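Because only heavy atoms are used, hydrogens play no part in the values below, and waters and symmetry mates are left out as well, while side chains stay in. The model shown is predicted, which means the values in this text are computed figures rather than measured ones. Sequence positions, counted from 1, serve as the residue numbers for this chain.
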Amino acid sequence: MSDEHYLRLALEQAALAEALGEVPIGAILVANGEIIASAHNRTVSDHDPTAHAEILALRAGGQALGNHRMRGVSLYVTLEPCIMCTGALIQARIDRLVFGAYDSRIGACGSAFDLARHRRLNHHIHEIKGGVLEEACREQLQRFFQQKRRE
């Protein structure tokens with residue numbers, strides 16, 4: 001399957017978040033060509049500031065693999081991960097990250113920060129590919145926030 005295929009599935013997860021009134025961010029975790037976890041933001045629903053799509057996908061992925069290390073695993077997410085999520089991806093030893101929209105405000109994989117490749121860390125995300133289906137991912141977020149401002 002292509003990066004675009006998995007990112008479209010992440011967009012579907014983001015739509016589930018939006019239906020709950022959550023910021024529409026979705027994530028898909030893939031190992032050996034198979035989806036092992038999917039998640040969407042649930043910070044409001046779960047009353048949990050750490051319930052970002054990436055964190056929830058990592059939690060489910062760890063359970064699916066029976067391991068807290070996820071070498072050889074790829075994460076697909078609709079928005080460039082924040083510092084918290086990037087730290088979790090590094091701790092999990094994720095090898096590949098593919099994201100849609102860049103986040104120049106708090107993105108930690110090359111936009112605002114580059115924690116994913118920081119020279120002092122003992123692990124790095126080996127491959128980072130941003131901007132996949134960027135327009136669709138960005139538009140979904142923009143529509144959500146425009147609607148919130150109107151409300």
Side-chain angles (χ1 to χ4, degrees), residues 3 6-31 35-134 136-145 147-149:
D3 290 341
Y6 292 121
L7 217 20
R8 281 188 186 86
L9 296 176
L11 279 165
E12 290 175 11
Q13 285 294 312
L16 294 174
E18 186 172 10
L20 296 172
E22 301 275 1
V23 175
I25 299 172
I28 302 290
L29 208 54
V30 177
I35 296 170
I36 60 167
S38 58
H40 54 274
N41 271 10
R42 291 197 328 245
T43 57
V44 177
S45 302
D46 290 1
H47 310 289
D48 180 354
T50 68
H52 289 197
E54 300 95 320
I55 300 292
L56 297 174
L58 287 175
R59 288 177 185 161
Q63 293 299 309
L65 294 172
N67 197 335
H68 67 290
R69 298 289 190 229
M70 298 185 202
R71 295 187 190 283
V73 174
S74 298
L75 177 76
Y76 295 84
V77 63
T78 56
L79 181 66
E80 179 182 1
C82 69
I83 292 169
M84 175 183 71
C85 292
T86 302
L89 296 174
I90 291 166
Q91 291 298 317
R93 307 299 195 257
I94 291 289
D95 281 334
R96 187 164 188 263
L97 167 67
V98 179
F99 66 87
Y102 287 88
D103 187 345
S104 62
R105 199 173 49 86
I106 61 170
C109 296
S111 289
F113 308 96
D114 197 0
L115 183 61
R117 294 186 184 111
H118 196 281
R119 63 180 174 79
R120 298 201 56 183
L121 297 175
N122 64 335
H123 177 74
H124 300 101
I125 300 170
H126 297 293
E127 183 184 348
I128 299 172
K129 183 177 179 182
V132 177
L133 299 180
E134 181 176 11
C137 293
R138 185 179 56 251
E139 285 176 0
Q140 186 178 42
L141 285 159
Q142 287 173 338
R143 280 192 313 270
F144 173 80
F145 286 114
Q147 179 65 33
K148 285 291 182 188
R149 283 191 288 276

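- Nearest heavy-atom pair across F144 and G21 is CZ-O, 3.8 Å.
- Expressed to the nearest 0.5 Å, how far CG of L9 lies from CD1 of I35 amounts to 5.0 Å.
- For the side chain to side chain donor-acceptor pair (under 3.5 Å) test, residues two or more places apart in sequence or in another chain that qualify with D48 are T50.
- Distance check, rounded to the nearest 0.5 Å: CG of L115 to SG of C82 gives 10.0 Å.
- Heavy-atom minimum distance, S104 versus A112: O-CB, 3.5 Å.
- Side-chain atoms of E80 come within 3.5 Å of backbone atoms of D103 as a donor-acceptor pair (strictly under, hydrogens ignored).
- Counting heavy atoms from C-beta on, the side chains of L75 and I125 never come closer than 4.5 Å.
- Within the 3.5 Å criterion, the main-chain N or O of Q91 finds a donor-acceptor partner in the side chain of R69.
- Residues meeting the salt bridge (charged side-chain N to carboxylate O under 4.0 Å, His left out) test with E12, sequence neighbours left out: none.
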Steps toward side-chain contact (heavy atoms from CB on, under 4.5 Å) verdict (R117, I128): CA-CA 10 Å; R117 294 186 184 111; I128 299 172; 3.3 Å; yes
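- Side-chain contact between L20 and V44 is absent, with no heavy-atom pair separated by less than 4.5 Å.
- A donor-acceptor pair under 3.5 Å is formed between the side chain of H118 and the backbone N or O of R120.
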CA sep, side-chain torsions, deciding dist, call: R96, K129, side-chain contact (heavy atoms from CB on, under 4.5 Å): CA-CA 8 Å; R96 187 164 188 263; K129 183 177 179 182; 4.0 Å; yes
Full working for side-chain contact (heavy atoms from CB on, under 4.5 Å) between V30 and Y6: CA-CA 9 Å; V30 177; Y6 292 121; 3.7 Å; yes
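- The heavy-atom pair separating A60 from A37 by the smallest distance is CB-CB, 3.7 Å.
- In this structure, N67 has no side chain to side chain donor-acceptor pair (under 3.5 Å) partners at least two apart in sequence or on a different chain.
- With rounding to the nearest 0.5 angstrom, the CZ atom of R93 is 10.5 Å from the NE2 atom of H124.
- Between I94 and L29 the shortest side-chain heavy-atom distance falls below 4.5 Å.
- For the atom pair M84 CE and I106 CD1, the distance stands at 9.0 Å (nearest 0.5 Å).
- In this structure the side chain of E127 never reaches within 4.5 angstrom of the side chain of D95, judged on heavy atoms.
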Verdict with supporting geometry, T86 and L97, side-chain contact (heavy atoms from CB on, under 4.5 Å): CA-CA 10 Å; T86 302; L97 167 67; 6.0 Å; no
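- Expressed to the nearest 0.5 Å, how far CD of E134 lies from CG of L7 amounts to 10.5 Å.
- Considering only heavy atoms from C-beta on, E22 stays 4.5 Å or farther from H40 through its side chain.
- Nearest heavy atom pair, residue A51 against residue L56, reads O-CD1, 3.6 Å.
- Taking both residues in full, the closest heavy atoms of Q140 and A14 are given as OE1-CB, 3.2 Å, listed atom of the first, atom of the second, then distance.
- With hydrogens and angles disregarded, no donor-acceptor distance shorter than 3.5 Å links the side chain of N41 to the backbone of P24.
- Between L89 and P81 the shortest side-chain heavy-atom distance falls below 4.5 Å.
- A side-chain donor-acceptor contact under 3.5 Å links T78 to the backbone of G26.
- Contact record, C109 with F99: CB-CE2, 4.3 Å, taken as the closest heavy-atom pair.
- Distance check, rounded to the nearest 0.5 Å: CZ of R105 to CZ of F113 gives 10.5 Å.
- Taking the side chain as every heavy atom from C-beta outward, S38 and I28 approach each other to under 4.5 Å.
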